[in-house]
Protein chains: 2
Amino acid sequence: MTVRVRLDDLRWRNRAAVIAAIRRARQPSRTEIVSATGLSHSTISAISSDLLAEGVLSEPKASEPLALKRGRPQVALCLNPLAATIVTVDLSLNALSAAVFDYAGGVLAEERLRLATQEISAQALVDEMIAMVRRLLGERSVGDPQPLRIVVAVQGVCDAAARSMLWSPITPHTDIGIADALEAALSIPTAVENDCNMIAYALRSHDPESYHDDFIAILLSHGIGMGMVLKGEIFTGTHSSGGEFGHMIHQPRGALCRCGRHGCVEAYAGNYAIWRNARMHCDGQMPNKEITDADVLALATIARMSEGPEREAFRKAGEALGFTLGSLFALIDPAPLAFVGVGASVFDLMEPSLRTALASTVGGQHANAITLTTETDEKPLIREGTAKRALDFIDRNVIATSNLAANTSRSSTSS
Amino acid sequence: MTVRVRLDDLRWRNRAAVIAAIRRARQPSRTEIVSATGLSHSTISAISSDLLAEGVLSEPKASEPLALKRGRPQVALCLNPLAATIVTVDLSLNALSAAVFDYAGGVLAEERLRLATQEISAQALVDEMIAMVRRLLGERSVGDPQPLRIVVAVQGVCDAAARSMLWSPITPHTDIGIADALEAALSIPTAVENDCNMIAYALRSHDPESYHDDFIAILLSHGIGMGMVLKGEIFTGTHSSGGEFGHMIHQPRGALCRCGRHGCVEAYAGNYAIWRNARMHCDGQMPNKEITDADVLALATIARMSEGPEREAFRKAGEALGFTLGSLFALIDPAPLAFVGVGASVFDLMEPSLRTALASTVGGQHANAITLTTETDEKPLIREGTAKRALDFIDRNVIATSNLAANTSRSSTSS
DNA sequence: CTAATTATTTCGAACCTCGAAAAAACACTC
DNA sequence: GAGTGTTTTTTCGAGGTTCGAAATAATTAG
């Protein structure tokens with residue numbers, strides 16, 4: 001339904017548009033903002049002087065490699081790093097990390113920790129996060145701006161409201177109310193997001209040329225995750241963070257998956273599945289040891305040398321991915337793909353069978369035209385995407401909406 | 001990106017909100033519109049008096065079964081049927097129909113025709129549509145309002161811009177520029193849409209209780225189509241009308257599909273696939289006769305009587321649907337389902353295996369909670385959904401935006 | 001030093017929505 | 001039947017927003 005618009009909404013939307021334009025262009029002049037937003041000079045002038053007065057923007061002093069043109073030089077604006085801070089947390093299998101970012105997106109502090117996520121209680125998991133954030137914030141000096149938001153990226157499924165981790169392979173516990181716990185302990189608004197969605201977020205701001213309105217990031221690791229951007233928006237399910245590509249069915253009643261069900265793609269293309277196909281004789285049970293990235297790389301080395309069960313295992317993984325991508329593309333049409341994680345570094349072994357399988361589906365009928373890139377290290381992407389997510393949120397919901405009443409009054413003495 | 005808002009946008013958005021509220025509530029008073037839209041009394045008063053003056057709205061005369069309350073009685077507003085007309089066209093296998101609707105959604109004229117869509121040329125197909133619309137419009141008297149839009153619902157895949165039918169099982173020809181052809185011949189803005197998306201549109205306006213923001217309509221007929229509403233919006237692909245559920249892969253390298261590929265759901269659950277499984281011994285080739293709805297109903301009668309290949313064929317169809325829905329739900333989370341078409345009348349034969357298969361997937365883990373309804377006749381749904389689509393479009397893009405300058409000027413003599 | 005050029009701000013006009021108050025249209029009561 | 005109470009709808013002025021045009025500011029070119 002078309003939704004009504006109040007006069008107040010108008011200003012904050014345009015403030016948000018200005019902030020978004022500056023965040024994208026980094027150091028635009030007012031004139032550049034005019035053409036980026038489509039607003040008039042007068043409006044940009046009014047809004048930017050408001051934002052400067054509020055301390056949201058600042059004028060970078062140095063840097064004048066501007067082309068020496070005639071006329072009044074453009075004066076650049078930038079986000080004031082001191083306007084706010086945000087905190088990112090990344091929770092994955094046996095690893096916890098967190099970082100503090102300033103408003104301009106610079107890293108102020110960070111910490112990493114190994115953690116036996118499989119063994120400890122849900123409470124301990126949450127406590128570790130809280131403690132890490134406390135340590136990071138404690139380091140900072142007193143005058144520093146208060147963090148306006150925490151975003152926790154987790155390897156798992158979250159609810160649609162971004163408050164709980166509903167299910168994750170990294171812990172036996174379910175429905176952990178991470179956001180509530182962190183908010184209670186730290187008094188900072190918190191959201192919980194799926195890590196692959198954050199990867200997609202990062203890819204877009206990293207490389208807007210390749211990844212704009214429609215693309216897919218697939219994390220090939222122990223399990224298989226997906227972050228998808230459709231029509232410019234992160235795709236989420238109706239009740240959860242959604243996009244559980246790894247548990248689409250490749251083969252009905254097929255191989256045993258980590259989730260306890262049968263035939264999921266992950267049961268063919270996850271780390272453990274590749275190892276299982278290369279080393280075990282049946283795919284009806286799980287390997288009795290944890291398969292690491294190193295194990296997969298070792299298999300890949302062997303597979304690259306000669307034909308054998310290792311090469312066949314990667315071939316099967318590629319095939320499973322190809323058929324399942326075919327199903328996905330039947331729904332959403334083909335889109336650029338980025339493969340991220342350890343699977344990206346062994347992607348050469350999977351690509352031929354993936355492309356063959358994909359090309360045999362309706363969804364893959366233009367498979368050759370699909371851009372396909374790889375990115376081996378997911379951690380920095382998750383961190384950057386999470387920070388971008390938090391910053392975009394406060395841009396819209398905190399910064400753009402605050403101080404709306406603090407405008408300069410004009411005296412109109414009409415004759 | 002946050003998009004800028006001009007002052008002009010504000011008015012037309014609120015006009016659109018008012019029109020949408022009236023279209024939903026049918027005969028609301030101004031006060032009811034106030035609470036439906038959240039706008040103030042003053043604004044509703046201003047907008048509705050504009051719309052009345054423009055002839056978009058009118059006051060229904062009769063009907064005063066209003067509860068006799070104290071106070072000034074509410075005066076109802078309604079859409080003026082004479083404000084505009086729209087045309088719907090429905091193109092499906094061997095059948096073409098069209099109808100003219102008034103602005104309030106009433107049917108003014110309609111026509112149906114049997115047509116050998118498989119045999120005739122693309123040009124002939126388009127010409128038949130144009131001729132039918134011409135006949136329908138010719139019948140109407142001279143003073144009647146000019147049609148503002150044609151929406152063509154086709155059984156096939158369209159491009160994202162809703163101008164061409166890219167591919168369809170009803171004709172061997174591809175990429176037929178239906179919208180361009182109709183616009184050239186009739187001078188009426190035209191859009192081409194997938195028929196299942198129109199079914200979804202109709203379900204929502206028919207039964208908003210069951211179908212609101214997230215639901216799926218699946219057409220079980222010769223082929224299998226899907227219309228999906230996610231977060232209140234019809235879901236479309238990135239380049240096409242998308243949602244080709246029927247060509248998701250159920251079984252890699254499986255049964256031959258009408259599309260020439262192997263293992264699509266449709267190759268297990270389409271009319272021809274059910275017949276093939278019941279009557280032929282291999283699923284690697286197509287039946288050499290056209291399988292009609294009547295054939296399927298006949299098979300169902302046999303299947304209901306005793307165990308045998310017929311019952312097994314329906315069981316297989318249900319299973320294919322169940323596993324594939326599991327994959328779909330892994331992506332988008334479970335949502336209410338409506339099965340439409342002939343398959344809905346034989347759904348009892350598929351439901352048990354469908355539910356079993358679905359329950360064995362991650363996506364179907366809450367399968368029992370899923371609402372599941374059937375609707376045997378798709379034709380009226382397509383027609384109504386198409387009309388609603390056309391009306392919603394002109395509400396927003398024609399009616400709400402026109403006459404924005406024609407406001408009453410107020411004289412302000414400030415002392 | 002002046003003119004040309006480009007960027008930014010200022011100012012008034014035109015609109016839009018809102019809240020409060022007024023006007024309108026009815027039912028109820030005496 | 002007139003007055004009163006109640007609810008709906010319109011009117012009116014205030015406040016806020018964007019826009020275009022004009023004014024102002026800050027440079028380079030000559």
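Just so you know, these numbers use all the heavy atoms, side chains as well, and skip hydrogens, waters and symmetry mates. Below, chain A is the first sequence line, B the second, and so on; all start at residue 1.
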> Between dG19(C), dT8(C), dA21(D), which nucleotide has the shortest distance from any of its atoms to the side chain of H41(A)?
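For the H41(A) side chain, the nearest candidate turns out to be dT8(C).
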> How many Å lie between CG on D9(A) and C1' on dC18(C), as a whole number?
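It is 13 Å, rounded to the nearest whole Å.
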> With a 4.0 Å limit, can you tell me whether T43(A) has a side-chain N or O closer than that to the phosphate oxygens OP1/OP2 of dC19(D)?
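Checking T43(A) against dC19(D): at least one side-chain N or O falls below 4.0 Å of OP1 or OP2.
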> Check the phosphate of dC16(C) against N14(B), side-chain N and O only, distance under 4.0 Å to OP1 or OP2. Yes or no?
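Negative; the distance criterion is not met.
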> Between F235(A) and K231(B), is there a cation-pi geometry (under 6.0 Å to ring centre, at most 45° from the normal)?
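Cation-pi check for K231(B) and F235(A): passes.
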> In whole Å, what is the span from the CZ atom of R4(A) to the C1' atom of dC18(C)?
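Going from CZ in R4(A) over to C1' in dC18(C) covers 12 Å.
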> Taking the side chain of S40(B) as heavy atoms from C-beta outward, which of dT9(D), dG19(C), dT10(C) is closest to it?
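Closest nucleotide among those given: dG19(C).
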> Report yes if at least one side-chain N or O of R11(B) is closer than 4.0 Å to OP1 or OP2 of dC15(C); otherwise report no.
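Result: no.
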> Quick check: do N80(B) and L57(B) have side-chain heavy atoms less than 4.5 Å from each other?
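N80(B) vs L57(B): side chains apart.
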> Mind calculating the distance between CG (L10(A)) and C1' (dG15(D)) to the nearest angstrom?
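Checked: the CG to C1' distance equals 14 Å.
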> Should T31(A) be listed as having a side-chain N or O under 4.0 Å from OP1 or OP2 of dT6(C)?
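For dT6(C), OP1/OP2 do not have a side-chain N/O of T31(A) under 4.0 Å.
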> Hey, which of these two, A46(A) or R70(B), hits DNA chain C nearer its 5' end, going by closest nucleotide?
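The 5'-side residue here is A46(A).
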> Between dA25(C), dC12(D), dT10(C), which nucleotide gets closest to the side-chain atoms of S45(A)?
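Among the listed nucleotides, the one closest to the side chain of S45(A) is dT10(C).
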> In this structure, how many angstroms lie between the C1' atom of dG20(D) and the CD1 atom of I44(A), rounded?
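My rounded result for the distance is 15 Å.
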> Considering only NZ, NE, NH1 and NH2 on the basic side and carboxylate oxygens on the acidic side, decide whether R13(A) and D8(A) come within less than 4.0 Å.
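D8(A) and R13(A): not salt-bridged.
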> As a quick check of understanding, evaluate side-chain contact (heavy atoms from CB on, under 4.5 Å) for R204(A) and F215(A), giving each step before the final call.
CA-CA 9 Å; R204(A) 184 164 50 171; F215(A) 64 92; 3.9 Å; yes
> Taking CG from D8(B) and C1' from dT18(D), how many angstroms apart are they, rounded to a whole number?
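Rounding to the nearest Å, CG of D8(B) and C1' of dT18(D) are 8 Å apart.
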> Taking atom types as they are modelled, would you say the side chain of R72(A) forms a donor-acceptor pair with the base of dA7(C) within the 3.5 Å cutoff?
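Result: at least one qualifying N/O pair found.
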> Closer than 4.0 angstrom, basic N to acidic O: yes or no for R163(A) and E193(A)?
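Here R163(A) does not pair with E193(A) in a salt bridge, since their nearest N and O are not under 4.0 Å apart.
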> Would you indicate, yes or no, if dT9(C) has its OP1 or OP2 atom less than 4.0 angstrom from a side-chain nitrogen or oxygen of R30(A)?
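Answer yes for this pair, as a side-chain N or O of R30(A) is under 4.0 Å from OP1 or OP2.
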> Would you kindly compare I47(B) and E32(A) by the position of their nearest DNA chain C nucleotide and give the one closer to the 5′ end?
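Final value for this comparison: E32(A).
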> In whole Å, I'd like the distance from the CG atom of L7(A) to the C1' atom of dA14(D).
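Taking atom C1' of dA14(D) as the reference, CG of L7(A) is at 12 Å.
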> CD of E59(A) versus C1' of dA7(C): gap in Å, rounded?
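For the pair E59(A) CD and dA7(C) C1', the rounded distance is 13 Å.
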> Roughly how many Å is it from CG in D50(B) to C1' in dT17(C), rounded to a whole number?
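In whole Å, dT17(C) C1' and D50(B) CG are 14 Å from each other.
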